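First the structure, in the form of structure tokens, and then the observations on it.
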Amino acid sequence: MTDLLTKAEYTALAKSLDLPVNAFIDGSFRPAQSGKTFETVNPATGAKLADVAACDPEDVDFAVAKARDAFEDGRWSRLHPGERKEVLLKLVKLLERNQPELAVLESIDSGKPVYDCATTDIPETIHCLKWHAELIDKIYDQVAPSSDSHIALVVREAVGVVGLVLPWNFPLLMLAWKIGPALAAGCSVVVKPAAETSLSTLRLAELAMEAGLPAGVLNVVTGSGAEVGEPLGRHPDVDMVSFTGSTATGRRFLHYSADSNLKEVVLEMGGKNPCIVLDDAENLDVVAAHVVNGAFWNMGENCSAASRLIVQSGVKAKLLEKVAAHAREWPVGDPLDPETRIGALVSKAHYDKVAGYLGKVGKGKVVIGGEANGTHVSPTVVEIPGNDHVLAREEIFGPILSVIEVGSFEEAIRVANDTDYGLAASIFTSNAKRAIRGARMIKAGTVTVNSFGEGDISTPFGGYKQSGFGGRDNSIHAHDQYTQLKTIWIDLSDDAGDAVD
Ligand SMILES: NC(=O)C1=CN([C@@H]2O[C@H](COP(=O)(O)OP(=O)(O)OC[C@H]3O[C@@H](n4cnc5c(N)ncnc54)[C@H](O)[C@@H]3O)[C@@H](O)[C@H]2O)C=CC1
Ligand code: BAL
């Protein structure tokens with residue numbers, strides 16, 4: 001259980017932080033070669049936090065070259081996996097020691113409630129890095145079936161230099177989801193954090209250096225998508241890119257790859273995730289708590305947010321009453337107040353997008369919420385006439401839940417699947433057969449039954465359809481992204497030996 005500080009203590013800690021502002025390349029902090037910077041602000045107050053290095057393609061080239069040097073000379077890639085584990089576990093210890101500072105840094109840069117940062121984001125970041133570090137010296141390669149005349153080894157090798165392009169909604173946690181397996185596997189990485197939220201990534205890089213990670217293995221290049229993300233995606237010496245963000249930007253990475261060196265691309269993208277509640281769902285109060293958590297956790301700025309509630313007619317009125325009651329228990333306010341559950345949206349631009357949807361209710365009916373104050377949007381529940389409504393079709397990425405009434409299990413599944421996305425889903429029912437049949441019929445990478453969630457570090461996370469491409473984050477399967485298979489065929493026959501002589 002995480003010990004929380006008071007609002008006054010978090011606020012004082014925020015004021016005392018020494019913010020990292022430069023890119024981190026080849027083991028040291030450096031300004032952009034152009035000398036340019038961009039402002040990062042606290043979205044809850046609008047106050048400037050820092051001027052961060054606005055890197056460009058020259059900085060990307062430099063970082064990739066340093067990552068390549070590190071990879072090829074083997075200072076990290078050729079260590080025994082157990083040695084890599086030890087360094088990563090030292091990083092874990094340092095993160096553990098700095099938890100309150102990291103929680104505050106994450107909160108002021110992103111608008112997330114410090115409560116979420118302290119109880120979820122930072123502990124899960126630490127757990128993720130620890131899990132992959134602990135895993136890496138326990139994975140065996142394979143020997144293929146063979147005759148006496150040869151041995152065929154099937155080995156996994158680190159893929160090389162990896163570009164990691166991150167979103168702003170879980171800055172440190174998404175970093176961990178990617179660097180955990182990538183660094184454990186022996187890759188060198190060039191991280192591009194979202195421009196809105198670079199600070200915690202830079203701080204983690206600093207702690208990684210303190211933990212003994214060799215220079216050039218973890219590089220952080222700050223800046224915009226156009227000036228840093230695109231050059232990384234197009235770089236001829238980057239072997240693989242793992243991206244989390246919008247489907248529109250994810251799609252671009254496929255073009256970058258096709259136009260450059262056919263680097264591997266793994267995409268974890270958006271969602272319009274259904275939450276089905278059938279008439280026979282038990283304990284509606286608990287169901288409502290899950291519905292609210294699914295829709296409003298992290299202000300709905302979550303790719304797996306359960307943003308479409310598909311509810312069967314018999315239970316709709318009672319459920320909505322309980323959903324409204326639970327939503328009222330989510331205080332909107334100062335992210336540094338540990339009581340706050342709904343902080344600020346990540347930026348003014350994103351606030352404008354989300355608040356804009358409040359004006360698109362049309363024939364829908366607002367059940368609760370609908371308030372917006374320039375930085376925050378209150379938890380909002382809107383009954384809409386059907387799944388064609390704009391609130392049901394577009395990824396809002398804010399605390400707005402659409403409610404769609406259905407008459408049957410079959411209709412619920414049809415509506416759930418009527419979307420371009422397929423990241424996550426949940427189904428609430430006391431009928432075990434329906435639960436399992438429903439979980440099988442829903443086209444999504446993760447389906448939870450009688451709960452909302454994303455699984456945990458041991459389960460793969462990623463999407464079907466336009467939510468995902470090329471691989472999975474989390475679990476042992478995440479290692480597939482950062483390694484490639486090699487066959488080593490060894491001829492043991494006497495003839496072959498003679499031929500070589
Ligand atoms: N699936 C998810 O976790 C996320 C989904 N989104 C969705 O995307 C919408 C827009 O948010 P954005 O921050 O604009 O997401 P985005 O997908 O554009 O940004 C994600 C990352 O890609 C980078 N990027 C942006 N344009 C790029 C380009 N042309 N080439 C290479 N890299 C580029 C960004 O700088 C950031 O690091 C949100 O409203 C939300 O609906 C946003 C963040 C996370
Ligand atoms: N919820 C973790 C993944 C994401 O939102 O991008």
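These numbers come from a predicted model, not from an experiment. Read the numbers this way: they start at 1 and go in the same order the structure lists the ligands and their atoms. Heads up: numbering here begins at 1 and tracks the sequence. In what follows, every heavy atom counts, from backbone to side chain, and hydrogens, waters and symmetry copies are set aside.
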Worksheet item: Is the ring centre of F170 less than 6.0 Å from the ring centre of W297?
Response: yes
Worksheet item: Does a side chain donor of either E196 or S347 reach within less than 3.5 Å of an acceptor in the other side chain?
Response: no
Worksheet item: Taking the six-membered ring of Y357 as reference, does the NZ or CZ atom of K360 fall below 6.0 Å from its centre and within a 45° cone about the axis?
Response: yes
Discussion item. Show, in sequence, the C-alpha distance, side-chain angles and deciding distance for L202 and F29, and conclude whether the side-chain contact (heavy atoms from CB on, under 4.5 Å) test is met.
Written reply: CA-CA 9 Å; L202 290 168; F29 283 112; 4.1 Å; yes
Fill in: K178 to Y482 six-membered ring, cation-pi geometry met (6.0 Å, 45°)
no
Tabulate distances under 3.5 Å between N/O atoms of ligand 1 and N/O atoms of the protein, writing both atom names on each line.
unit_1	atom_1	unit_2	atom_2	d
ligand 1	1 (N)	G245	O	3.1
ligand 1	1 (N)	M269	O	3.2
ligand 1	3 (O)	N169	ND2	3.4
ligand 1	13 (O)	W168	NE1	2.6
ligand 1	17 (O)	S246	N	2.7
ligand 1	17 (O)	S246	OG	2.7
ligand 1	17 (O)	T249	OG1	3.4
ligand 1	18 (O)	T249	OG1	2.9
ligand 1	29 (N)	Y256	OH	3.2
ligand 1	30 (N)	Y256	OH	2.7
ligand 1	35 (O)	K192	NZ	3.0
ligand 1	37 (O)	L166	O	2.7
ligand 1	37 (O)	K192	NZ	3.4
ligand 1	39 (O)	K353	NZ	2.6
ligand 1	41 (O)	K353	NZ	3.2
ligand 1	41 (O)	E395	OE1	2.9

Worksheet item: Mind checking whether N450 and V286 have side chains closer than 4.5 Å, heavy atoms only?
Response: no
Practice prompt. Salt-bridge test for K263 and D237: reply yes if a basic N is under 4.0 Å from a carboxylate O, no otherwise.
Written response: no
Worksheet item: What residues, two or more places apart in sequence or in another chain, satisfy ring pair (Phe, Tyr, Trp, His ring centres under 6.0 Å) together with F461?
Response: W177
Fill in: Non-neighbouring partners of F253 that pass ring pair (Phe, Tyr, Trp, His ring centres under 6.0 Å), sequence neighbours left out
F243, Y256
Under 3.5 Å, N/O to N/O: give me all the pairs between ligand 2 and the protein, one per line with atom names and distance.
unit_1	atom_1	unit_2	atom_2	d
ligand 2	1 (N)	N302	OD1	2.6
ligand 2	1 (N)	E454	OE1	3.4
ligand 2	1 (N)	E454	OE2	2.6
ligand 2	5 (O)	N169	ND2	2.9
ligand 2	5 (O)	N302	OD1	3.2
ligand 2	5 (O)	C303	N	3.0
ligand 2	6 (O)	E268	OE1	3.4

